[in-house]
Amino acid sequence: MTTFKDLGLSPDIQQALDELGYEDPTPIQEQAIPELLAGHDVIGQAQTGTGKTAAFGLPLLQYLDPANQEVQAIVMTPTRELCIQVTQALRTYAEHLDIEIVAVFGGAPIRSQQSQLRSGAHVVVATVGRMMDLMSRRSLVLTSARYVVLDEADEMLDLGFIDDVEKILRMCPSGRQTALFSATMPPPIQKLAEGYMYEPTTISITPKALTVDAIAQAFVEVPANEKTARLVELLKTEEPEQAIIFTRTKIGASKLEKTLKDKGLDVKALHGDLSQGVRDGVMIAFKDHRVRLLVATDIAARGLDIEHVTHVINFDVPNSSETYVHRIGRTGRVGRTGRAITFVTPAQRDEITRIERDVKTTIGEWEAPEERLEHAPPPRRRERSERREKVEQATPASSGAPPPEPDTNGVPSPAPSQPDSRPAIEPEDHDGEPARDSVKLFVNRGERSGIDEDDLRWALREGAVLPEESIYDVRVLHRFSFVEVAPDQAERAVEFLDGTKLKGKEIRLEIAKS
Ligand code: AMP
C-alpha cells in the first residue's frame with residue numbers, strides 16, 4: 001500500500017496531511033502526484049469526492065518557491081463555489097508553508113481582489129471570467145505562471161467558458177506544466193488537451209462505482225401534494241446528522257426552506273437567487289455543521305465538496321441519471337457510507353427504473369429503520385418487477401400527476417402570451433399550484449441563420465444550464481426567435497447566452513419588451 005511518504009511529498013506537506021487525518025492517498029492521488037512532481041502534464045478523469053484537489057494541489061504547493069513573489073501557479077474553476085472550496089483546501093494543505101493563496105471570483109468586489117493580488121500571491125485560484133477581467137486590468141500577470149490547473153474542465157465547457165480558458169492558456173508561459181481535471185472528456189476538452197498540453201499522462205478513476213457503491217439508496221412514492229409532509233416525517237425517522245435536500249427549481253428550494261423552517265427545523269437554502277455573500281455564508285455554516293439541513297438546487301450545489309453528509313434527499317426526482325449520480329455523490333464520500341432517498345410521484349415511478357438501469361444499481365422502496373432490520377436483506381428483485389408492472393398500469397390521468405413530457409417536435413408553437421398555450425409540463429410545484437408567470441426573451445437569430453428550435457433548446461439547456469421544464473416555449477421565425485422561460489431563469493439565460501456563439505453565429509438575447 002502506497003503512503004503519502006512514498007509519493008515524495010515534503011515533510012511540511014506531510015505534516016499538514018497528518019493533521020487533517022489523511023492516512024493514505026486515494027487512487028487519483030497515488031497515480032497523479034508522482035507524475036506531477038516529476039513535471040509531467042496530467043489529465044485526471046475524476047470527479048469531486050475522489051480527492052482530486054489534493055492530487056493536483058499537493059504537487060502544486062511543492063513546486064512553489066516562497067521567495068519568489070510572482071504568481072507561479074493558477075487554478076481555473078468553473079464556479080465561485082468551487083473556487084472558494086479549492087482555495088480553502090489549498091490553504092489547509094499549505095498550513096506549514098509560507099505561501100499566499102488568493103481566490104478571485106465574480107460576484108464579489110474586484111477592488112479588494114486587486115489589492116490582495118498587489119500584496120502578493122504565489123497561487124491564484126480563479127473563476128474564468130474574473131481572471132480575464134483582472135488580466136485585462138493588468139492586476140494579474142501570468143508570465144511566471146508555470147503550473148496551471150484546469151479544474152472541472154467539462155463544467156467550464158458546459159458553462160461556455162472554453163474560449164476564455166484557451167485565451168488564458170495562451171497568456172501562460174509555453175514551458176508550463178498543465179494539469180486538467182474533468183469528470184468526462186467530451187471532444188472539445190480532448191481538443192483543448194491536444195492543443196495546450198505536452199504529452200499528458202491520462203489517469204482515469206471510475207466515479208460511478210466509487211460513489212454509488214458506498215451509498216444505500218431508496219425511493220419513496222408519494223403524491224405531489226403530500227411530499228412536504230412526508231419529508232418532515234422522513235426527517236424525523238431518519239434523523240440525519242446532516243442532509244442535502246435537492247429541489248429542481250429555485251422557487252421550490254425557497255418555498256421548501258420556508259415550510260421546513262416553519263416546522264422548527266434547522267434549515268437553510270442554497271440557490272442562484274441568493275446573493276453571493278449569502279450563498280458563501282450558507283456554505284460555510286453548513287460545512288461548519290452549524291446548519292443541519294440544506295435545501296439546494298443542482299446548479300448551486302455543482303462541484304461542492306461537503307463532508308459528513310449522512311443523507312441526500314431528492315425531494316424532486318433528478319432530471320437525468322447523471323444528475324442523480326452527481327447529487328447522491330455528496331454522501332458516502334471517501335470511505336464513508338451514506339443514504340440517498342429519492343421522492344417520486346406515482347407517475348414518476350419509471351424514473352427510478354431508468355436510473356437503476358443507467359447507473360446499474362438497485363433502489364429499493366424506503367423502509368423505516370426498524371422495518372429495515374426485520375427485512376434485511378431486502379427482497380429487491382421482486383420489488384423491481386412489481387414496480388415495473390405498476391408503472392405500466394399507472395396513467396397520468398388516473399394518478400393526478402402531470403402528463404409525460406411532450407415530444408418537442410410534436411408541440412405546436414402557439415402564441416406564448418396566452419396563458420394556456422404552454423406545453424403541459426410546468427416547473428414542479430410543491431404545493432400543487434402550477435407556476436403561472438413566464439418571461440419572453442428575444443433572440444436576434446432565426447431560420448435564416450440556420451438555427452432551429454432544437455439548437456435553441458440545446459443552448460438553453462447546455463449553455464445556460466436551464467432545467468428542461470423551465471423552457472416553456474421556443475419559436476423560431478425567419479430572422480429572429482422568441483423563447484419563453486420561467487421568470488426565475490430569464491436572467492440566467494441572458495447572462496449565459498447573450499454574446500455567445502450558436503452554430504458559429506453570435507447570438508444576442510434580451511428580455512422582450514412586451
Ligand atoms: P475532492 O475530491 O478533492 O473534492 O475531495 C473530497 C474529500 O475527500 C475532501 O473532503 C477531502 O478533504 C477528502 N480527502 C481527500 N484526500 C483524502 C485522503 N487521502 N484521505 C482522506 N480524505 C481525503
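A quick note: this is a predicted structure, and the numbers were derived from the prediction, not measured. Counting starts at 1 for both ligands and their atoms, in listed order.
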Do the side chains of Asp316 and Lys227 get close enough for a salt bridge, i.e. N-O under 4.0 angstrom?
yes
Take the angle between the ring planes of Tyr93 and Tyr22 and call it parallel below 30°, perpendicular above 60°, tilted in between.
perpendicular
Say whether Tyr22, considering both its backbone and side-chain N or O atoms, lies within less than 3.5 Å of an N or O atom on ligand 1.
yes
Quick check on contacts: which atoms of ligand 1 are under 4.0 angstrom from a heavy atom of Asp24?
18 (C), 19 (N), 20 (N)
Counting both backbone and side chain atoms, is some N or O of Gln29 under 3.5 Å from an N or O of ligand 1?
yes
Under a 4.0 Å N-O cut-off, is there an ion pair linking Asp163 with Lys167?
no
Report, in ascending order of atom number, the atoms of ligand 1 lying under 4.0 Å from any heavy atom of Thr53.
1 (P), 3 (O), 4 (O)
Which of the numbered atoms in ligand 1 are below 4.0 angstrom from a heavy atom of Phe4?
19 (N)
For ligand 1, is there an atom lying under 4.0 Å from some heavy atom of Leu20?
no
So does Arg354 pair up with Glu351, basic N to acidic O under 4.0 Å?
yes
Cationic N near anionic O, under 4.0 Å, Arg279 to Glu81:
yes
May I ask you to list the atoms of ligand 1 that are less than 4.0 angstrom from any heavy atom of Lys52?
1 (P), 2 (O), 3 (O)
List ligand 1 atoms under 4.0 Å from Gly51, heavy atoms only on the residue side.
1 (P), 2 (O), 3 (O), 5 (O), 15 (C)
Carboxylate-amine/guanidinium contact Glu95 Arg91, below 4.0 Å:
no
